[in-house]
Enquirer: 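Below is a structure I'd like to ask you about.
Proteins get letters first, then strands, A, B, ... in listed order; numbering begins at 1 in each. Just so you know, these numbers use all the heavy atoms, side chains as well, and skip hydrogens, waters and symmetry mates.
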There are 2 protein chains.
Amino acid sequence: MKYSKATNYALHTMLFLAKQIPNKPMGVQQLAEMQNVSPTYLSKILTKLVKEGMINSVSGANGGYTLRHDWEDISFLDIIHAVEGKSSLFDCCLYNDPKCVIKEVMLSAEEKLENELRNRKISDLVKK
Amino acid sequence: MKYSKATNYALHTMLFLAKQIPNKPMGVQQLAEMQNVSPTYLSKILTKLVKEGMINSVSGANGGYTLRHDWEDISFLDIIHAVEGKSSLFDCCLYNDPKCVIKEVMLSAEEKLENELRNRKISDLVKK
DNA sequence: CTATTATGGACATATAAAGTCTTTTATTGG
DNA sequence: CCAATAAAAGACTTTATATGTCCATAATAG
């Protein structure tokens with residue numbers, strides 16, 4: 001079990017955008033170069049972020065991506081959910097027993113993970 | 001990101017063995033039937049558990065698998081590590097920056113997950 | 001209008017998980 | 001010792017998912 005590279009790229013992109021203080025859009029070309037990834041692939045990931053309302057996009061010359069207005073509220077969990085989806089990390093295989101005691105433990109652990117990720121904001125990493 | 005089915009099978013197998021109170025070995029055949037998985041595949045997973053010292057195996061007639069003597073100490077984390085390996089859930093892509101602030105956050109979240117999984121034992125689920 | 005930039009869909013490739021088959025090794029009961 | 005039983009090991013196939021490419025389309029600024 002590993003976080004995908006896509007999540008990695010998404011998180012770093014969000015941090016780049018957050019450090020780029022004013023509302024000047026950054027193009028995918030530039031963002032891709034900084035992360036050493038192909039622009040077309042990164043573009044697909046960023047489109048997910050747009051659809052989930054994490055960032056805004058502007059087509060055309062001097063276009064690119066900007067963070068949404070209330071970006072300071074965006075948590076790590078928000079970004080990860082936008083890229084990886086929101087389904088649980090564990091499903092019981094035994095006829096999908098809804099009362100599986102193992103599943104209960106696994107979900108409680110996942111909750112701890114999510115709580116931490118929910119409390120950490122991209123904006124916390126940008127304060128100078 | 002999902003836990004593998006292998007982890008699922010491993011956890012359920014450990015619970016089956018724990019409920020089978022005496023030291024009578026259970027064969028992979030029986031364990032596989034109960035979980036509706038092929039015996040050869042399950043066998044590979046159980047071999048990992050043997051190598052990591054979670055369970056003991058006995059070949060030959062009336063052989064099979066038993067929990068190790070101090071099985072009451074075995075945590076969910078132990079089992080998951082035996083099956084999925086111990087490497088971290090997140091690696092920074094940017095030239096593997098060791099001081100990546102994003103990585104720090106991700107690792108702290110992973111720690112919360114692991115703490116919970118370390119505190120939960122298979123034996124807790126078996127107390128009648 | 002044209003250059004620029006994001007979006008979308010259809011592919012292609014790579015990697016990992018899931019599962020099978022066969023042989024070998026170990027152990028027990030007779 | 002022998003035969004039946006059961007785990008271990010290796011090579012292999014299949015399936016699923018992540019990663020990545022290519023090209024056409026849509027939107028926008030100048």
Enquirer: Is the number of heavy atoms from other residues, nucleotides or ligands within 6.0 Å of NZ (A:K121) greater than 12?
Expert: yes

Enquirer: I want to check something: taking the side chain as every heavy atom from C-beta on, are B:L125 and A:I102 in contact at a cut-off of under 4.5 Å?
Expert: yes

Enquirer: Specify the separation, in whole Å, of atom CG of B:L31 and atom C1' of D:dA6.
Expert: 13 Å

Enquirer: Between the main-chain N or O of A:E116 and the side-chain N or O of A:N119, is there a donor-acceptor pair closer than 3.5 Å?
Expert: no

Enquirer: Output yes when a side-chain donor or acceptor of A:E84 lies under 3.5 Å from a complementary backbone atom of A:T7, and no otherwise.
Expert: no

Enquirer: All N/O contacts under 3.5 Å from nucleotides 21-25 of chain D to the protein, with atom names and distances to one decimal?
Expert:
from, atom 1, to, atom 2, distance (Å)
D:dT21, OP2, A:S38, OG, 2.7

Enquirer: Rounded to the Å, how far apart are B:Q30 CD and D:dA6 P?
Expert: 10 Å

Enquirer: Can you find a side chain N or O atom of B:T47 that sits less than 4.0 Å from OP1 or OP2 on D:dA9?
Expert: no

Enquirer: Determine the contact category for B:K48: base if any of its heavy atoms lies under 4.0 Å from a base atom, sugar-phosphate if only primed atoms, P, OP1 or OP2 are that close, otherwise nothing.
Expert: nothing

Enquirer: Rounded off to whole Å, could you give me the NZ-to-P distance for the B:K2 and D:dA16 pair?
Expert: 15 Å

Enquirer: Please tabulate, one pair per line, each protein N/O and nucleotide N/O from nucleotides 28-30 of chain D that are separated by under 3.5 Å, including the distance.
Expert:
none

Enquirer: D:dA6 C1' sits how many Å from B:L42 CG, rounded?
Expert: 14 Å

Enquirer: So how far is it from A:Y9 OH to A:N36 CG, rounded to the nearest 0.5 Å?
Expert: 7.5 Å

Enquirer: So, for A:Y3 and A:I80, which heavy atoms are closest and what is the spacing to 0.1 Å?
Expert: CE2-CG2, 3.9 Å

Enquirer: Closer than 3.5 angstrom, by distance alone: can the side chain of B:K19 be matched with the main-chain N or O of B:M14 as a donor-acceptor pair?
Expert: no

Enquirer: Would you confirm whether B:T47, through its side chain, and B:S43, through its main-chain N or O, come within 3.5 Å as a donor-acceptor pair?
Expert: yes

Enquirer: Looking for any heavy atom pair under 4.0 Å, which part of the strands does B:Y3 touch: base, sugar-phosphate only, or nothing?
Expert: nothing

Enquirer: Hey, where on DNA chain C does chain A first and last touch, going 5' to 3'? Cut-off is any atom under 4.0 Å from a heavy atom.
Expert: C:dT4 to C:dA10

Enquirer: Hey, is the main chain of B:V83 close enough, under 3.5 Å, to the side chain of B:K48 for a donor-acceptor pair?
Expert: yes

Enquirer: Let me know, please, whether B:E84 or A:S57 comes out on the 5' side of the other along DNA chain C by nearest nucleotide.
Expert: A:S57

Enquirer: List the atom of A:I122, the atom of A:A18, and the distance in Å for their closest heavy-atom pair.
Expert: CG2-CB, 3.8 Å

Enquirer: State whether the side chain of A:N8 and the backbone N or O of B:D91 hold a donor-acceptor pair below 3.5 Å, judged by distance alone.
Expert: yes

